[in-house]
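Residue indices begin at 1 and follow the sequence shown. Start at 1 and go down the list; that is how both ligands and their atoms are numbered.
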Amino acid sequence: MSTIAFIGLGNMGGGMAANLVKGGHIVHAFDLAEAALAKAAEAGCKPFTTVKEAVAGVDAVVSMLPNGKIVQAVYENDVIGHAPAGALLLDCSTIDVATARAVAAAATAKGYPMVDAPVSGGIAAANGGTLTFMVGGPDDAFKAAEPILAKMGKAVIHAGAAGAGQAVKICNNMLLGASMVATCEAFALAEKLGLDLQTFYDISSVSSGQNWSMTSYCPVPGVGPSSPADRGYEGGFASALMLKDLKLAMEAAQGANAAVPMGAAAESFYQILTSAGEGGKDFSNIINMLRGK
Ligand code: NAD
């Protein structure tokens, strides 16, 4: 089984690296945080103290890092030219499309096949190996990446050329952010109009207003299937992370001269919530902001 370097062992990367170990790979681990590295060692990874040492002799490199600036610095300074020639590079972080394309171009120019492979699914899916990967890159790189990603997820989908994985991710999350705000608005208005919220759900969920934010992730406690609303808006997908993805979508839209007024409105809502110190709670908590609570 192949040897893989894993860079960035935080909330998401820790579980993903552990699943590669369970899948039979030798995993070289690196993170700036000692606690994250120690946890990865407990899960069976081999800890290293620099990226350059971690990538020496590996067949592939997987990264799960906070942002594009860090991804670019790690790959351009410490991976490209230090991992063996031809090693497959897989960046699973959520970053901007332009940086994903720039890093892939730098890697390809030096003979490293590379894919951007951001994920849908949170910490529970990372731990459970049930992430969905949306992958950008050439066909042969996708084919090589697929069996590695399959060890960490339930679905691996080829989205197109370099950067296409990030493009799908931010378009999807912009749609999700806007639909969650709209769903919360509808419930808050229904409440003010004196409707019973379960009754509103029963009717709207089988009418034309039906959408995922309502029927799979209802923002109202006690209505619909179990969701973070039933747990005090803890766990789930944090508003600060939704804000990050909406900012990436706005940046991409500006670069592509695309009109995204609903996405921009959703960004403002999540900015207000995060600035008010509520960024750690689930993104469905926007309903309490709309209720003035
Ligand atoms: P995190 O902050 O928990 O983990 C990031 C890790 O990267 C940290 O352990 C940090 O020490 C490490 N790191 C930072 N700079 C580094 C460097 N130069 N070299 C090595 N390690 C470095 O974040 P996370 O929640 O695991 O998110 C990681 C990525 O996954 C982000 O791009 C995020 O947008 C994306 N994502 C997160 C979720 C989620 O629910 N948390 C869901 C989907 C996608």
Legend entry - Nearest-0.5 Å distance, CG of residue Asn285 to CE of residue Met242: 13.0 Å
Inset, instruction - Below 4.0 angstrom from a heavy atom of Lys169, which ligand 1 atoms are there? Numbered from 1 as shown, please. - result: 43 (C), 44 (C)
Legend entry - Heavy-atom proximity to atom 42 (C) of ligand 1, best of Ser120, Gly121, Ser63: Gly121
Legend entry - Intermediate values then yes/no, side-chain contact (heavy atoms from CB on, under 4.5 Å), Leu9 and Phe30: CA-CA 7 Å; Leu9 305 151; Phe30 177 75; 5.7 Å; no
Inset, instruction - Kindly indicate, with the supporting measurements, whether the criterion side-chain contact (heavy atoms from CB on, under 4.5 Å) is fulfilled by Met174 and Leu246. - result: CA-CA 6 Å; Met174 184 179 78; Leu246 287 167; 4.1 Å; yes
Inset, instruction - For Lys244, counting its heavy atoms only, list the atoms of ligand 1 lying under 4.0 Å from any of them. - result: 31 (C), 32 (O), 33 (C), 34 (O)
Inset, instruction - Fit a plane to each ring of Phe200 and Phe187, take the angle between them on a 0 to 90° scale, and name the class: parallel (under 30°), tilted (30 to 60°) or perpendicular (over 60°). - result: perpendicular
Inset, instruction - Check the pair Thr215 / Gln210 against side chain to side chain donor-acceptor pair (under 3.5 Å), numbers first and verdict last. - result: CA-CA 7 Å; Thr215 51; Gln210 186 277 333; 3.0 Å; yes
Inset, instruction - State the CG-CG distance between Leu241 and Asn11, to the nearest 0.5 angstrom. - result: 8.5 Å
Inset, instruction - Run the numbers for me: atoms of ligand 1, each under 4.0 Å from some heavy atom of Ser93, listed by number. - result: 32 (O)
Legend entry - Atoms of ligand 1 close to Phe30 [distance to a heavy atom under 4.0 angstrom, numbered from 1]: 19 (N), 20 (C)
Inset, instruction - Work out whether the distance between some heavy atom of Met242 and some atom of ligand 1 is less than 4.0 Å. - result: no
Legend entry - The one among Thr50, Asn11, Leu32 that brings a heavy atom closest to atom 17 (C) of ligand 1: Leu32
Legend entry - Inter-residue atom distance Tyr217.OH - Phe237.CZ, 0.5 Å rounding: 8.5 Å
Legend entry - Protein residue, atom and distance nearest to atom 41 (N) of ligand 1, heavy-atom basis: Leu241 CD1, 3.4 Å
Inset, instruction - Check if Pro118 has a non-hydrogen atom at a distance under 4.0 Å from any atom of ligand 1. - result: no
Inset, instruction - Please check if a non-hydrogen protein atom sits closer than 4.0 Å to atom 2 (O) of ligand 1. - result: no
Inset, instruction - Give the intermediate values and the outcome of side-chain contact (heavy atoms from CB on, under 4.5 Å) for residues Gln198 and Asp202. - result: CA-CA 6 Å; Gln198 181 65 52; Asp202 291 344; 2.9 Å; yes
Legend entry - atom 27 (O) of ligand 1: the protein heavy-atom neighbour that sits closest, reported with distance to 0.1 Å: Met12 CG, 3.9 Å
Legend entry - Side-chain heavy-atom pair Tyr233, Glu278 within 4.5 angstrom cut-off: no
Inset, instruction - Provide, to 0.1 Å, the distance between atom 12 (C) of ligand 1 and the closest protein heavy atom, together with that atom's residue and name. - result: Asp31 OD2, 3.3 Å
Legend entry - Residue and atom name of the nearest protein heavy atom (relative to atom 35 (C) of ligand 1), distance in Å to one decimal: Thr94 OG1, 3.7 Å
Inset, instruction - Taking atom 23 (O) of ligand 1 as the reference point, report whether a protein heavy atom occurs under 4.0 Å from it. - result: no
Inset, instruction - Dump the intermediate steps for side-chain contact (heavy atoms from CB on, under 4.5 Å) on Phe133 and Cys92, then the final yes or no. - result: CA-CA 8 Å; Phe133 290 91; Cys92 298; 3.9 Å; yes
Inset, instruction - Report the nearest protein non-hydrogen atom to atom 29 (C) of ligand 1: residue, atom name, distance rounded to 0.1 Å. - result: Leu65 O, 3.5 Å
Inset, instruction - Applying side chain to side chain donor-acceptor pair (under 3.5 Å), run through Ser179 and Ser213 and close with a yes or a no. - result: CA-CA 7 Å; Ser179 72; Ser213 294; 3.2 Å; yes
Legend entry - Which of the ligand 1 atoms, numbered from 1, are nearer than 4.0 Å to a heavy atom of Val74: 18 (N)
Legend entry - side-chain contact (heavy atoms from CB on, under 4.5 Å) partner of Thr132, chosen from Val119, Ile157, Leu149: Ile157
Inset, instruction - Pick, from Ala73, Gly10, Gly13, the option with the minimum heavy-atom distance to atom 4 (O) of ligand 1. - result: Gly10
Legend entry - Identity and separation of the nearest protein heavy atom to atom 30 (O) of ligand 1: Met64 CE, 3.1 Å
Legend entry - Nearest neighbour in protein (non-hydrogen) for atom 40 (O) of ligand 1: Gly122 CA, 3.6 Å
